[in-house]
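Right, one structure below, let's go through it.
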Amino acid sequence: MRQELSRPVLEGFWAWVEEIRAKYTANESLKKALTYTTNQRTYLETYLEDGRIPISNNDCKTCIRPFAAGRKAWLFANPPASSRCLFLAMFEFLFHIRLVC
């Protein structure tokens, strides 16, 4: 299914990247971004080959968010409360990883 639907979209994207790369070489930032994108092509297309890989990493970001948000707050909280918050966040993270993998 991914091969049928996503491959043509990606091929169009890569054609566009090559077209822009050939036209605009004066803008150094754009040139750098397009070169980086081209160098990452094999990694960006990995999800086409393996159906277990999600197209989006939103689930992973959602799992990590409690750690990122609580990191600074836990520094200034009292130790028992911060330990409990950290434990609950880790438990939620591990539970979600078990569900995803």
Side-chain angles (χ1 to χ4, degrees):
M1 182 105 164
R2 288 184 184 186
Q3 293 288 336
E4 296 169 8
L5 300 175
S6 295
R7 172 96 39 207
V9 173
L10 276 176
E11 291 303 325
F13 173 73
W14 295 122
W16 176 81
V17 166
E18 291 303 321
E19 177 186 335
I20 297 297
R21 222 172 142 191
K23 282 184 188 177
Y24 304 103
T25 55
N27 186 340
E28 195 62 36
S29 298
L30 179 61
K31 185 177 176 181
K32 187 176 178 181
L34 293 173
T35 301
Y36 175 80
T37 303
T38 304
N39 291 340
Q40 300 299 313
R41 183 176 184 157
T42 56
Y43 305 114
L44 290 170
E45 290 183 344
T46 301
Y47 84 96
L48 292 174
E49 308 301 325
D50 189 353
R52 296 175 298 167
I53 298 173
I55 294 171
S56 171
N57 68 346
N58 286 338
D59 288 340
C60 293
K61 286 183 177 182
T62 302
C63 284
I64 294 170
R65 187 172 292 125
F67 295 109
R71 181 176 50 216
K72 224 171 210 175
W74 294 333
L75 279 174
F76 301 106
N78 62 359
S82 62
S83 298
R84 189 179 64 184
C85 289
L86 179 60
F87 172 76
L88 292 174
M90 286 185 71
F91 181 76
E92 179 184 347
F93 175 72
L94 293 174
F95 180 73
H96 184 74
I97 291 298
R98 195 177 116 232
L99 290 177
V100 172
C101 299

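Starting from 1, each residue takes its place in the sequence as its number.
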Minimal non-hydrogen separation, V17 against T38, with atom names: CG1-OG1, 3.7 Å

Could you tell me the separation between the CG atom of L30 and the OG1 atom of T35, rounded to the nearest 0.5 Å? 9.0 Å

Just how far is it from atom CG of N27 to atom CG of L34, taken to the nearest 0.5 Å? 9.0 Å

Salt-bridge criterion met for E18 and R41 (N-O under 4.0 Å): no

Indicate the atoms forming the closest heavy-atom contact of T42 with T46, along with that distance. O-OG1, 3.0 Å

Just by distance, no angles: are the side chains of W14 and E45 close enough, under 3.5 Å, to form a donor-acceptor pair? yes

At what distance, to the nearest 0.5 angstrom, does CG of L5 lie from CG of L10? 11.5 Å

